Number of protein chains: 2
Amino acid sequence: MTTIYDIAELSGYSITTVSKVLNDYPNVSQKAKKKVMQAVDELGYTPNSSARTLVTNKSWLIGVVFSENLGVGIAHPFFSEVIESFKKHVELYNFDLLFLSRNRGLEQETFNHLKHRGVDGVVVVQAFGDNMVNIDESPFPIVFIDLPVDRPSSVHSDNRHGSKLAVDHLVDLGHKKIAHIMGEQTVFAADERIKGFKKAMESHNLAIPETYMVSGGYFSYEGGREAMIKLLANQDKPTAVVVSGDMMAIGAMKVIEEAGLKVPDDISIIGFDDIAIAKHTNPPLTTIKQDKELIGRQAAIMLLDKMNGETKQYTKVVPVQLIKRGSCRAL
Amino acid sequence: MTTIYDIAELSGYSITTVSKVLNDYPNVSQKAKKKVMQAVDELGYTPNSSARTLVTNKSWLIGVVFSENLGVGIAHPFFSEVIESFKKHVELYNFDLLFLSRNRGLEQETFNHLKHRGVDGVVVVQAFGDNMVNIDESPFPIVFIDLPVDRPSSVHSDNRHGSKLAVDHLVDLGHKKIAHIMGEQTVFAADERIKGFKKAMESHNLAIPETYMVSGGYFSYEGGREAMIKLLANQDKPTAVVVSGDMMAIGAMKVIEEAGLKVPDDISIIGFDDIAIAKHTNPPLTTIKQDKELIGRQAAIMLLDKMNGETKQYTKVVPVQLIKRGSCRAL
DNA sequence: ACTCCTTAGGAAAGCGCTTTCCACTATAAT
DNA sequence: ATTATAGTGGAAAGCGCTTTCCTAAGGAGT
């Protein structure tokens with residue numbers, strides 16, 4: 001491995017001067033710069049980040065804590081897009097991303113590992129917060145995406161408003177018998193959507209039979225199927241259902257079709273997330289779009305700010321949007 | 001930050017002994033171990049990985065070089081699953097994953113960055129190899145997934161056989177007029193599939209009109225659409241088309257439907273990849289499944305072996321499988 | 001009592017860098 | 001000529017660890 005010493009020797013300068021050249025210090029002559037850079041090229045020298053981190057105490061590393069319930073990890077249809085957006089923005093500032101092994105959320109072990117790695121900042125993409133560590137005395141700033149509870153320095157969609165948009169749309173179309181396939185209630189976003197749904201229904205003076213609220217669990221296709229089966233068991237079937245996630249919505253549509261009914265003719269379906277597939281289902285899924293790009297970017301901006309010393313804590317709520325496609329029809 | 005010195009002081013031992021305890025060296029008494037561990041707990045000490053890496057020359061970091069043509073990065077429907085599988089397997093051995101910023105494939109800049117970070121190994125997930133650096137003198141082992149050319153230490157699907165399975169299936173169903181929507185030919189996998197397709201058609205003595213081979217570009221939905229539009233412009237339309245990727249197949253199906261035709265009644269479609277959505281399209285997509293889990297695992301095993309000093313280079317070809325769903329019918 | 005092991009623990013060097021502080025030279029100002 | 005000033009460059013310390021010796025002490029064997 002070539003080191004700064006090799007460069008010093010070849011260029012005829014001291015390691016101090018080499019280091020100064022490499023770090024754009026002022027007190028170096030053009031001549032020295034030239035000679036040093038020549039040596040660098042000749043030997044194919046690359047500085048050692050560990051050594052640099054050790055003395056500067058800056059790693060240029062951002063830790064990604066990512067845990068989700070579907071069990072698909074990085075391949076998650078929604079979070080992967082958020083992380084990609086986040087990545088695109090922090091890399092403009094030359095940060096690399098570190099994905100920890102054995103990462104099950106921000107627990108003590110994960111937190112220690114992060115400390116061990118000396119990351120400059122952390123983004124937590126996590127929908128639940130069971131064993132979450134106390135972060136008050138964290139040596140690095142942390143930003144949360146889709147956080148479990150209302151907590152400073154987090155960004156998430158306006159989930160309640162999303163539910164309202166969904167219900168309003170359905171009501172506009174003339175629906176009155178509207179059911180809700182919920183996500184697991186311990187998940188922050190699911191809970192918010194439930195609250196938004198109830199409130200919106202209330203604002204339209206629409207009653208919600210108890211059997212119209214069923215859980216689809218952790219937002220999976222299978223969960224959506226099971227929930228829809230329960231919904232279909234109602235004597236008085238809903239004419240529309242607001243589903244808390246697109247994957248569940250796709251599962252629900254499948255069940256409806258298997259029951260010999262049609263979407264949207266017999267039952268209208270509206271999803272949540274607008275994952276990549278949503279526009280390619282048949283019929284294309286009407287849904288509440290979460291702005292994944294913006295969520296990732298906001299999280300990046302927030303973290304970058306904090307790493308620059310900004311201490312103000314705030315929550316960023318990202319707008320959602322109704323995307324009308326083919327899975328809802330007027331009564 | 002608490003260091004090994006703080007532990008030494010609190011426990012009453014030297015930093016040497018503390019280090020020995022932390023690294024399970026033999027010559028330490030039970031008493032010393034206990035005292036040291038107590039101090040570690042008390043101070044909440046975490047070793048500094050930069051310092052450790054600097055002296056041991058081992059970073060426990062695996063670099064991920066990932067570049068794809070769709071522009072979706074980590075959210076790529078196929079590669080994300082491969083990477084997730086790879087990740088799951090290397091983390092059993094306590095490696096963390098490093099995603100580099102400004103990573104556009106294994107070019108010189110990326111390579112230097114990898115050297116700078118001192119990674120222990122690298123996995124390259126990349127379908128093209130334009131500016132690829134000379135890796136013969138790499139300081140770390142590298143494994144390729146879906147490599148551009150036949151190169152040692154790589155893993156990829158049996159693409160040719162996949163095409164054969166597709167064609168055979170269609171022929172079994174009675175089809176003779178079979179078209180192919182190709183991927184961009186400079187992409188290794190696309191090229192292999194084209195070759196496999198031609199050979200399979202030949203083995204059945206089936207001619208391929210020139211207009212039956214159209215490129216869908218970089219495997220995108222839009223590319224599939226455009227290709228299918230061209231195919232539909234044929235006087236003598238194909239009764240079936242083998243599509244080189246699922247996203248393109250979905251785009252193609254959409255076009256067929258928009259043209260007032262039906263899949264599979266009028267035209268049978270068979271995809272490639274078996275991405276997560278494939279089973280949820282309407283009709284569900286018959287496709288050639290790539291074993292993403294196995295590809296990721298094989299790459300992990302190969303890299304782990306190399307990091308352990310194994311010098312034998314070999315290519316691992318992962319079997320593919322025909323998944324019959326609803327997008328093909330018998331003539 | 002003496003030597004010879006074995007075991008436990010520590011001193012010190014060094015991994016590759018940055019950064020502070022000082023020294024030296026050349027030039028400008030007095 | 002003398003002093004101040006700017007412009008270059010280097011010595012040395014130190015970031016937090018591991019690892020190679022080396023020493024000291026205790027116990028076994030004769």
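First the proteins, then the strands, lettered A, B, ... as listed; each starts at 1. Since this is a predicted model, take the numbers as computed values, not measurements.
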Margin query: Show, in sequence, the C-alpha distance, side-chain angles and deciding distance for B/S153 and B/K306, and conclude whether the side-chain hydrogen bond (donor to acceptor under 3.5 Å, both in side chains) test is met.
Written below: CA-CA 9 Å; B/S153 292; B/K306 286 183 126 190; 2.9 Å; yes
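The 5' end of DNA chain D is approached more closely, in terms of each residue's nearest nucleotide, by A/N27 than by the other of A/T16 and A/N27.
Residue B/S19 is in base contact, counting any heavy-atom pair closer than 4.0 Å across all strands shown. At the heavy-atom level, B/N23 lies under 4.0 Å from the strands shown only through sugar-phosphate atoms. The residue A/P26 sits apart from the nucleic acid: no heavy atom pair falls under 4.0 Å. Residue contacts shown for A/Y5 include a base, since a base heavy atom lies under 4.0 Å away. Among the atoms of the strands shown, none is found under 4.0 Å from any heavy atom of A/L22.
The distance between atom CG of A/D24 and atom C1' of C/dC17, rounded to the nearest whole Å, is 16 Å. Residue A/N48 contributes atom CG, which lies 13 Å from atom C1' of D/dC15 at whole-angstrom precision.
The distance from atom NE2 of B/H89 to atom CZ of B/F95, rounded to the nearest 0.5 Å, is 14.5 Å. A/I74 contributes atom CD1, which lies 9.0 Å from atom OG of A/S80 (distance to the nearest 0.5 angstrom).
Note on A/T53: every side-chain N or O is 4.0 Å or more away from OP1 and OP2 of C/dC17. Contact between the side-chain N/O atoms of A/T17 and the OP1/OP2 oxygens of D/dG10 is found at a separation under 4.0 Å. Note on A/Y45: a side-chain N or O is less than 4.0 Å away from OP1 or OP2 of C/dC17. The phosphate of D/dG7 (OP1 or OP2) has no side-chain N or O of A/Y25 nearer than 4.0 angstrom.
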Would you tabulate the side-chain donor-acceptor contacts of residues 22-30 of chain A under 3.5 Å, counting partners in other chains and residues two or more places apart, or write 'none'?
| from | atom 1 | to | atom 2 | distance (Å) |
| --- | --- | --- | --- | --- |
| A/N23 | ND2 | A/S19 | O | 2.8 |
| A/N23 | ND2 | A/S19 | OG | 3.4 |
| A/S29 | OG | A/A32 | N | 3.1 |

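Nearest to the side chain of A/T56, among D/dG9, C/dC17, C/dT19, sits C/dT19. Comparing atom distances between the B/L54 side chain and each of C/dC17, C/dA8, D/dG16 picks out D/dG16 as nearest. In this structure, of D/dG10, D/dG16, C/dG16, it is D/dG10 that holds the atom nearest to the side chain of A/S14.
At a cut-off of 3.5 angstrom, the base of C/dG10 holds at least one donor-acceptor pair with the side chain of B/K20.
A donor-acceptor contact shorter than 3.5 Å links the side chain of A/D120 to the backbone of A/W60.
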